[in-house]
*Asks:* 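After the structure tokens below, expect a handful of questions from me.
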There are 2 protein chains.
Amino acid sequence: MAAEPPRDGADAIQDAWRRELPGVPVESIGVITRIWWAAKFFGDERRRLLADLGVDVATLDLLSTLRRSGPPYRMSPGELAEACMVTRGAITQRVERAARAGLVERTTAGSGYHARAVALTDAGNALLDRVVADLLVAEDRLVGHLSPERREQLAGLLRELLAGLGGPSLTGQVGD
Amino acid sequence: MAAEPPRDGADAIQDAWRRELPGVPVESIGVITRIWWAAKFFGDERRRLLADLGVDVATLDLLSTLRRSGPPYRMSPGELAEACMVTRGAITQRVERAARAGLVERTTAGSGYHARAVALTDAGNALLDRVVADLLVAEDRLVGHLSPERREQLAGLLRELLAGLGGPSLTGQVGD
DNA sequence: TAGGCTGAGTTTAGGCCTAAACTCAGAGAG
DNA sequence: CTCTCTGAGTTTAGGCCTAAACTCAGCCTA
């Protein structure tokens, strides 16, 4: 009686592995592969939108993280690496690119080699003001086909999933 | 009465944007950011596991896609690009690397420039036999903290989300 | 049958990432 | 006071990707 949900590509992949490698547990595909596809879809959309607006995803992630930290919009490379969930080396490179574009500045906010910090410039803040609202509006539209209740359910289950993984949701501060 | 779910990083990001840019719609973050984090977590885990097993994610994706297509385990570059959801150029490079490692071969399966095809070699099939089961077992463990009912709900909601996006779930054949 | 179109595949330039080696200031032991 | 250790940050080598330019066989037209 219950309406069968229409089968999709993930179901087909499960079937294919059952056929090719009988006995392997394929249940995780229903969750992990679909999450992977959704993330790729949202990532591609974001990359294209931001390219039109003249930024790249990595730079916007850096600037957004600084902005969300609140005044004085200043963080150390180590804090940025943790919040952005990339290596310290990646942060060095992101900061280098953003600094060359005038969006952040390295403020040796203490004395000497340690106690370095990265701070948003006025240009960086202006870029965020110009871009983030557009981005969030566009992404709101992308998930708009789900009813608010469905979105709520999905967000809740994902929160549970992440809590159980013990990874990103605990310390990460990345996002938009 | 209802137990409040513990707040996580995505909730904090929503709050931060409400504070920094009042008026922007932040609801999508609850879904999109959490999906992004989960995908990053699973991707990082997969990369590390496969590195230990001596493969990289992109090569395994290529080989898996060929394997799942069934005998004779042969596809054109264009079909592979669509199934793997990467550009044709990326497929050219993946095939080049895999061919150099002896895992696939280019069988000019027709006449001339067109009608090219890529086929799994015995070594490629052997590598899949050796690696895929381990991978699926490991990933099954990663989502094991969710009860089967929860996993089912999550998979169903993700299927709905993807169907509404009109993207990956319709044509993609990527996966493990 | 010459000219041009089309679409599949390849090449190239450039971006961003990770992992591992490297650098350097400050802290602690002797 | 000097040596070593430690940990934050940077640099380098290498991997994978996209976007756009390029190549080329087959086909269609005149």
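What you see is a predicted model; the values in this text were computed from it and never measured. Labels below follow one simple rule: chain letters A, B, ... track the order of the sequence lines, proteins then strands, and each chain is numbered from 1.
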*Asks:* Taking side chain to side chain contact (heavy atoms under 4.5 Å, CB included) as the definition, give me every residue that meets it alongside B:Glu45, ordered by chain and number, with sequence neighbours left out.
*Replies:*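 By the side chain to side chain contact (heavy atoms under 4.5 Å, CB included) rule, B:Glu45 matches B:Phe41, B:Arg48, B:Leu142.
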*Asks:* Could you list the donor-acceptor pairs under 3.5 angstrom formed by side chains in residues 98-106 of chain A, with sequence neighbours left out?
*Replies:*
residue	atom	partner	partner atom	Å
A:Arg100	NH1	A:Glu96	OE2	3.2

*Asks:* What's A:Val57 touching, base or sugar-phosphate or nothing? Going by heavy atoms closer than 4.0 Å.
*Replies:*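 The answer is nothing, as A:Val57 stays clear of every strand by at least 4.0 Å.
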*Asks:* Using atom CG of A:Leu62 as one end and atom P of C:dC17 as the other, report the distance to the nearest whole Å.
*Replies:*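 Whole-Å distance recorded here is 10 Å.
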*Asks:* Between P on C:dC16 and CZ on A:Arg100, what's the gap in Å once rounded to a whole number?
*Replies:*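 Value for this atom pair: 10 Å.
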*Asks:* Please list, chain by chain and in numerical order, all residues satisfying salt bridge (Lys or Arg N to Asp or Glu O under 4.0 Å) with B:Asp140, sequence neighbours excluded.
*Replies:*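 Residues passing salt bridge (Lys or Arg N to Asp or Glu O under 4.0 Å) with B:Asp140: B:Arg151.
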*Asks:* Where do N or O atoms of nucleotides 11-13 of chain C meet protein N or O atoms at under 3.5 Å, pair by pair?
*Replies:*
none

*Asks:* Closest nucleotide of DNA chain D for A:Gly78 versus for A:Asp44: which of these residues is on the 5' side?
*Replies:*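 Its nearest nucleotide being more 5', the pick is A:Gly78.
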*Asks:* Has B:Thr87 got a side-chain N or O lying under 4.0 Å from the OP1 or OP2 atom of D:dT18?
*Replies:*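 Yes, B:Thr87 has a side-chain N/O under 4.0 Å of OP1/OP2 on D:dT18.
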*Asks:* Side chain to side chain contact (heavy atoms under 4.5 Å, CB included) with A:Val24: which residues, sequence neighbours excluded?
*Replies:*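 If we apply the side chain to side chain contact (heavy atoms under 4.5 Å, CB included) test to A:Val24, skipping adjacent residues, the hits are A:Leu21, A:Val26, B:Ala133, B:Leu136.
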*Asks:* With a 4.0 Å limit, can you tell me whether A:Arg97 has a side-chain N or O closer than that to the phosphate oxygens OP1/OP2 of C:dC16?
*Replies:*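 It does, given that an N or O in the side chain of A:Arg97 lies less than 4.0 Å from OP1 or OP2 of C:dC16.
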*Asks:* Would you please name every residue forming a salt bridge (Lys or Arg N to Asp or Glu O under 4.0 Å) with B:Glu160, sequence neighbours left out?
*Replies:*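 Salt bridge (Lys or Arg N to Asp or Glu O under 4.0 Å) check on B:Glu160 returns A:Arg150.
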*Asks:* Any Lys/Arg nitrogen of A:Arg97 or A:Asp56 sitting under 4.0 Å from an Asp/Glu carboxylate oxygen of the other?
*Replies:*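 Result for this pair is no, no salt bridge flagged.
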*Asks:* Side-chain heavy atoms nearer than 4.5 Å, only ILVMFWY residues, links allowed to pass through others: does that put A:Leu135 and A:Val137 together?
*Replies:*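 No; tracing contacts between hydrophobic side chains, which count when under 4.5 Å, never links both residues.
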*Asks:* Using a strict heavy-atom distance below 4.0 Å, which residues from residues 48-55 of chain A are in contact with DNA chain C?
*Replies:*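 Correct list: empty, so none.
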*Asks:* Does anything in residues 120-134 of chain B pair up under salt bridge (charged side-chain N to carboxylate O under 4.0 Å, His left out), and if so which pairs, sequence neighbours excluded?
*Replies:*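 Pairs touching residues 120-134 of chain B that pass the test: B:Arg67-B:Asp129.
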*Asks:* Under 4.0 Å from OP1 or OP2 of D:dC17: is there any side-chain N or O of B:Arg94 that close?
*Replies:*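 Indeed, a polar side-chain atom of B:Arg94 lies that close.
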*Asks:* As a test of reading the structure: which of C:dG9, D:dC16, D:dG9 is closest to the side chain of B:Ala58, going by heavy atoms?
*Replies:*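 The closest nucleotide is D:dC16.
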*Asks:* Is A:Arg47 near enough to C:dC16 that one of its side-chain N or O atoms lies under 4.0 angstrom from OP1 or OP2?
*Replies:*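 Checking A:Arg47 against C:dC16: no side-chain N or O falls below 4.0 Å of OP1 or OP2.
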*Asks:* Can you list the residues that meet the salt bridge (Lys or Arg N to Asp or Glu O under 4.0 Å) rule with B:Arg47, with sequence neighbours excluded?
*Replies:*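 With sequence neighbours excluded, B:Arg47 shows a salt bridge (Lys or Arg N to Asp or Glu O under 4.0 Å) to B:Asp44, given in chain and number order.
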